[in-house]
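Here is the structure we will look at.
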Number of protein chains: 2
Amino acid sequence: MLFASKTPTESEIVYLLKEHEINPTYQRVLIARLLFVGRTHVAAEDVFRAVNKDSPNVSKATVYNTLGLLAQKGVIREVIADPDRVFYDPNTSPHHHIYDEISGELTDIDAKEVSVTNLPALPDDVELQGVDIVIRVRRNRKK
Amino acid sequence: MLFASKTPTESEIVYLLKEHEINPTYQRVLIARLLFVGRTHVAAEDVFRAVNKDSPNVSKATVYNTLGLLAQKGVIREVIADPDRVFYDPNTSPHHHIYDEISGELTDIDAKEVSVTNLPALPDDVELQGVDIVIRVRRNRKK
DNA sequence: GCGGCGGTTTATACTTACTCTAAATGCTCT
DNA sequence: AGAGCATTTAGAGTAAGTATAAACCGCCGC
Ligand SMILES: [Mn+2]
Ligand SMILES: [Mn+2]
Ligand SMILES: [Zn+2]
Ligand SMILES: [Zn+2]
């Protein structure tokens, strides 16, 4: 979901959540806004820290529940690339990832820049959820 | 690494480990053999259970350390697809995976059956470790 | 055979990411 | 205000994996 502004307003976020049949509570709006303002790949613990930076605002359970809910409703996307944590991605347009095994950082690659062909036909009792490409790299630290 | 026999002998495993500069201890041979006989994708806890099924043979630490060592030396491969655990794969030939989000099962797809083209050029301070494709599906349980 | 020595394994404690539970809070309708 | 449902919360619990420090093993020189 793309916004006209780089930093969507609270009411734009409220609208986005409603569109996806999510009741826009204080905590959900706060978390969603953080994601869409930051436009980066974040883990749940990052969100927990950010959202409680100044004052205690949102519990850990709510952070996890909200990220799960947003992902399930399609507002954001889960990325499984790091063996230690799930990343959440506000970019829901078709794209893939470069994963740096050293820093743990994820970078987007537009799906148009990669083509995957000849995917095998799937048995008809399976429902395709998505095709994820992860390019695993190691960026050499310090020259 | 392919074996003539479907069930490699102990000495074939010993040779395989030596080839990869791994000292073939009792525990390492046991674990590697289990992987290459089973020829499936297994998590560390699966290996721990299997290897200690009858009598206590190998500690948890050694299971984790050995799987890590085998992967690092290229005898087996790690697969990151399930958010809850790392899978280890005795199939090191180029291939990709179908991941069933419901059962947690992984299935191989030969790399020849898929083509990925137009991968973006990587900055020259990054070393490519591999390109992993995961096809996420849900197999509908019970008609 | 004995002592030493590096490499390996072990039990066990610990950490980290995440889930569960049951109570408290809030929101809406009457 | 009170009922009823949705949501949030603190805190306990789980599961995968890591760290630590002691024990053990295989080999070598004596
Ligand atoms: Mn981990
Ligand atoms: Mn997990
Ligand atoms: Zn992304
Ligand atoms: Zn495989």
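Below, chains carry the letters A, B, ... as their sequence lines are ordered, and counting in each starts from 1.
- If you take CG of B:Asp84 and P of C:dT19, they are 7 Å apart, rounded to a whole angstrom.
- Here the closest non-hydrogen pair linking B:Ala81 and A:Ile80 is O-CG2, 3.7 Å.
- More than 12 heavy atoms of other residues, nucleotides or ligands shown are found within 6.0 angstrom of CD on B:Gln129.
- Aromatic ring orientation, A:His95 versus A:His41: tilted (interplanar angle from 30° to 60°).
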Close N/O contacts between protein and nucleotides 6-8 of chain C (under 3.5 Å):
from: C:dT8; atom 1: OP1; to: B:Asn23; atom 2: ND2; distance (Å): 3.4
from: C:dT8; atom 1: OP1; to: B:Arg28; atom 2: NH1; distance (Å): 3.1

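- Counting only residues at least two apart or in different chains, side-chain hydrogen bond (donor to acceptor under 3.5 Å, both in side chains) contacts with residues 72-82 of chain A comprise A:Asp82-A:Arg85, A:Asp82-A:Tyr99.
- Residues A:Leu35 and A:Leu16 are members of one and the same hydrophobic cluster, defined by side-chain heavy-atom contacts under 4.5 angstrom among Ile, Leu, Val, Met, Phe, Trp and Tyr.
- Between the A:Arg33 side chain and the A:Pro8 main chain, a donor and an acceptor come within less than 3.5 Å of each other.
- Taking NE2 of B:His97 as the reference point, atom CG of A:Asp132 lies at 14.0 Å (rounded to 0.5 Å).
- Rounded to whole Å, the distance from CG on A:Leu30 to C1' on D:dT9 is 16 Å.
- Salt-bridge formation is detected for the pair B:Glu101/B:Arg138: a Lys NZ or Arg NE/NH1/NH2 atom is positioned less than 4.0 Å from an Asp or Glu carboxylate oxygen.
- Ranking C:dT9, C:dC20, C:dC18 by closeness to the A:Ala61 side chain, first place goes to C:dC20.
- Other members of the hydrophobic cluster containing A:Ile98, listed by chain and number, are A:Ile109, A:Val114, A:Val116, A:Leu119, A:Leu122, A:Val126, A:Leu128, A:Val131, A:Ile133, A:Ile135, A:Val137, B:Ile98, B:Ile109, B:Val114, B:Val116, B:Leu119, B:Leu122, B:Val126, B:Leu128, B:Val131, B:Ile133, B:Ile135, B:Val137; membership follows side-chain contacts under 4.5 Å among ILVMFWY residues, whether direct or relayed.
- Per the geometry, NZ belonging to A:Lys60 stands 12 Å off P belonging to D:dA12, to the nearest Å.
- A heavy-atom distance below 4.0 Å to DNA chain D is reached by these residues of residues 62-74 of chain A, ordered by number: A:Thr62.
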Donor-acceptor pairs under 3.5 angstrom involving side-chain atoms of residues 64-71 of chain A: please list them, not counting sequence neighbours.
from: A:Tyr64; atom 1: OH; to: A:Glu45; atom 2: OE2; distance (Å): 2.6
from: A:Asn65; atom 1: ND2; to: A:Ala61; atom 2: O; distance (Å): 3.2
from: A:Thr66; atom 1: OG1; to: A:Thr62; atom 2: O; distance (Å): 2.7

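- Using a 4.0 Å heavy-atom cutoff across all strands shown, B:Asp82 reaches no nucleic acid atom at all.
- Within the 4.0 angstrom heavy-atom criterion, no nucleotide atom of any strand lies near A:Asp46.
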Give each protein N/O atom lying under 3.5 Å from an N/O atom of nucleotides 23-25 of chain C, with the pair distance.
none

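- Side-chain heavy atoms closer than 4.5 Å link hydrophobic residues (I, L, V, M, F, W, Y) into clusters, and following such links, even through other members, never connects A:Val79 to B:Val134.
- One interatomic measurement links the two molecules: OH of B:Tyr26 to P of D:dC24, which rounds to 17 Å at whole-angstrom precision.
- The separation between B:Arg85 atom CZ and C:dA17 atom P is 19 Å, rounded to whole Å.
- In this structure, CZ of B:Phe48 is placed 14 Å from P of D:dA15, rounded to the nearest angstrom.
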